[in-house]
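Everything on this sheet refers to the single structure shown next.
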Amino acid sequence: MTSARENIPRRAQHRLAHRAEPDILLGGERLRIIDPLMVRGAQNIGIAEKNAHLWALPTLSVPAGEFDLVRTLESGQCFRWWRWARDAYWGIVGSSVLVIRQSRNDLRVSVCGGAPPADIATFINRYFDLSRDYRAILRHLRRDEVFARLAPRRAGLHILRQDPFEVIISFIISANNHIPRIRSIIERICRVYGAPIDTPFGRAYSFPSPESLAEARLSDLRVKCGLGYRDVYVKRTARAIADHLALAEWATWPTPVLRRRLLQLDGVGEKVADCILLFGFHRLEAFPIDTWIRRAMKELYFADRSPSLGQIRALAIERFGPYAGVAQQYLFATYRTTDERNGKRSPSE
DNA sequence: ATCCAGGTCCGAA
DNA sequence: TTCGGACATGGA
């Protein structure tokens, strides 16, 4: 049996041993997975060493326009990116491990592990949706005065094009969970069911395939991965997709049809379906209504009276139309960061 | 230690 | 259709 620590650099192991932040992992190892490569918080240990590796990687430059890397990666639509030192992020996309930094209007991209995409520039362009005119979208949204009052002038927050299956499973896990824990659970299922990807910084894991999750033991999902009662949702949905569902074909369906189909998946309700539409199928009109958005819309448009889901959705379509999902991301970002500044009011009030 | 989280499901009115 | 309660777990 291989120890989970084997793949972690020695100095990180030392740091790990002194963290005293327990989590459950394989084979009795205890490790809290916040950052699989342990590069976050690198101010203590090994930063010079890591940076030396980092700087040695070949780097590709991609024009970024008004795109804002940090705003986009911190917007809650993805779960597998981590901040690296100050200005860089590393993340796992498909079977590649990427490091990305932004300086003004260009992105510097390094592949530090896994199978690099055939054409990295095209890949990055697509993943970050760099060709779309988000300035124009924001201008369109700002025609609503209420939205214009709180939205930033600068665009920059893009909707990523992520893998549909990864998004489906990730947002099933998101239900009745908070973001740090969602990330932690996702890392554990990747570690148990994903494919290893070696990098100069340690070993990362890809997101598991539908087949491997379909064959998971429920008790492993529940206990090792910490899924709780969502174990059956994940397993059944993975099983359905592995057996007879062609997500590539779903991508060609009209949004209302696709939405109805998503709602039939185990663990997928209205909110999660809309997240999948927006983040997994790039349907920019989808408007996921979570506790934050509900509160934002209530304050902004309903004078603090409690509107029904239907009322909120109708208003979102009316005000934001085909770009409701982009508006949703700005509302989410604004309200969540406001809340952090104000020190955690309960979102339900 | 205690609360509660990017909700969903299920059964009852 | 709408409403309310249960629900596993662990992060803060």
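Every chain is numbered from 1, with letters handed out A, B, ... down the list of sequences.
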Review item, side-chain donor-acceptor pairs of residues 214-221 of chain A, under 3.5 Å, at least two apart:
unit_1 : atom_1 : unit_2 : atom_2 : d
A:R217 : NH2    : A:S219 : OG     : 3.3

Return the value, rounded to whole Å, for the distance between atom [atom1] of [X] and atom [atom2] of [N].
X: A:I186; N: C:dT9; atom1: CD1; atom2: P; result: 18 Å
X: A:R181; N: C:dA8; atom1: CZ; atom2: P; result: 12 Å
X: A:I289; N: B:dT8; atom1: CD1; atom2: C1'; result: 15 Å
X: A:D290; N: B:dC4; atom1: CG; atom2: P; result: 18 Å
X: A:E270; N: B:dG6; atom1: CD; atom2: C1'; result: 15 Å
X: A:F279; N: B:dG6; atom1: CZ; atom2: P; result: 13 Å
X: A:L227; N: C:dC7; atom1: CG; atom2: C1'; result: 14 Å
X: A:D266; N: C:dC7; atom1: CG; atom2: P; result: 18 Å

Taking the side chain of A:T291 as heavy atoms from C-beta outward, which of B:dC9, B:dG7, C:dG10 is closest to it?
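Closest nucleotide among those given: B:dG7.
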Test: A:R295 and A:E299 ion pair at under 4.0 Å
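Between A:E299 and A:R295 there is a salt bridge, with a charged N closer than 4.0 Å to a carboxylate O.
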Just checking A:R135: does its CZ atom have more than 12 heavy atoms from other residues, nucleotides or ligands closer to it than 6.0 angstrom?
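It does not: A:R135 CZ has 12 such atoms or fewer within range.
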Residues, nucleotides or ligands: over 12 heavy atoms within 6.0 Å of A:R126 CZ:
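Counting neighbours around CZ of A:R126, 12 or fewer heavy atoms of other residues, nucleotides or ligands fall under 6.0 Å, so no.
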A:F332 vs A:W292 aromatic rings, parallel, tilted or perpendicular, using cut-offs 30° and 60°?
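It falls in the perpendicular class, over 60°.
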Mutual orientation of the aromatic rings belonging to A:F123 and A:Y127 [parallel < 30°, tilted 30-60°, perpendicular > 60°]
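A:F123 and A:Y127: parallel rings.
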Contacts of type side-chain contact (heavy atoms from CB on, under 4.5 Å), residue A:E285, not counting sequence neighbours:
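A:E285 satisfies side-chain contact (heavy atoms from CB on, under 4.5 Å) with A:T255, A:R283 once adjacent residues are dropped.
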Can you tell me whether the side chain of A:Y229 and the base of B:dG7 have a donor-acceptor pair closer than 3.5 Å?
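By the distance-only test, yes, there is a pair.
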Look at the side chain of A:R230 against the base of C:dA8 and say whether a donor-acceptor pair falls under 3.5 Å; ignore hydrogens and angles.
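Answer is yes: a donor-acceptor pair is held.
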How far does the P atom of B:dG11 sit from the matching atom of C:dA8, given to the nearest Å?
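Taking atom P in both B:dG11 and C:dA8, they lie 15 Å apart.
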Determine the Euclidean distance between corresponding P atoms of C:dG4 and B:dG6; express it in Å to zero decimal places.
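Taking atom P in both B:dG6 and C:dG4, they lie 22 Å apart.
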5'-most by nearest nucleotide on DNA chain B - A:Y233 or A:P288
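The answer here is A:P288.
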For DNA chain C, determine which residues of residues 165-179 of chain A have any heavy atom closer than 4.0 angstrom to one of its atoms, and list them numerically.
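Within residues 165-179 of chain A, the residues near DNA chain C are A:N176, A:H178.
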Taking only N and O in the side chain of A:S184, is any of them less than 4.0 Å away from OP1 or OP2 of C:dG10?
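No, A:S184 has no side-chain N/O under 4.0 Å of OP1/OP2 on C:dG10.
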Side-chain donor-acceptor distances from residues 146-157 of chain A under 3.5 Å, at least two apart:
unit_1 : atom_1 : unit_2 : atom_2 : d
A:R154 : NH1    : A:D68  : OD2    : 3.3
A:R154 : NH2    : A:E66  : O      : 3.4

Is there a ring-ring contact (aromatic ring centres under 6.0 Å, His included) between A:F279 and A:F171 once you walk through the steps?
CA-CA 10 Å; A:F279 305 135; A:F171 280 91; 5.4 Å; yes
Under the side chain to side chain donor-acceptor pair (under 3.5 Å) test, residues paired with A:R259 that sit two or more places apart:
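A:R259 satisfies side chain to side chain donor-acceptor pair (under 3.5 Å) with A:E270, A:D274 once adjacent residues are dropped.
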Within the 4.0 Å heavy-atom criterion, would you say A:G76 contacts the bases, only the backbone, or no part of the nucleic acid?
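Since a base atom lies under 4.0 Å of A:G76, the category is base.
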Does anything in residues 305-317 of chain A reach DNA chain B, meaning a heavy atom under 4.0 Å, and if so which residues?
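The stretch gives none, as no residue of it lies under 4.0 Å from the strand.
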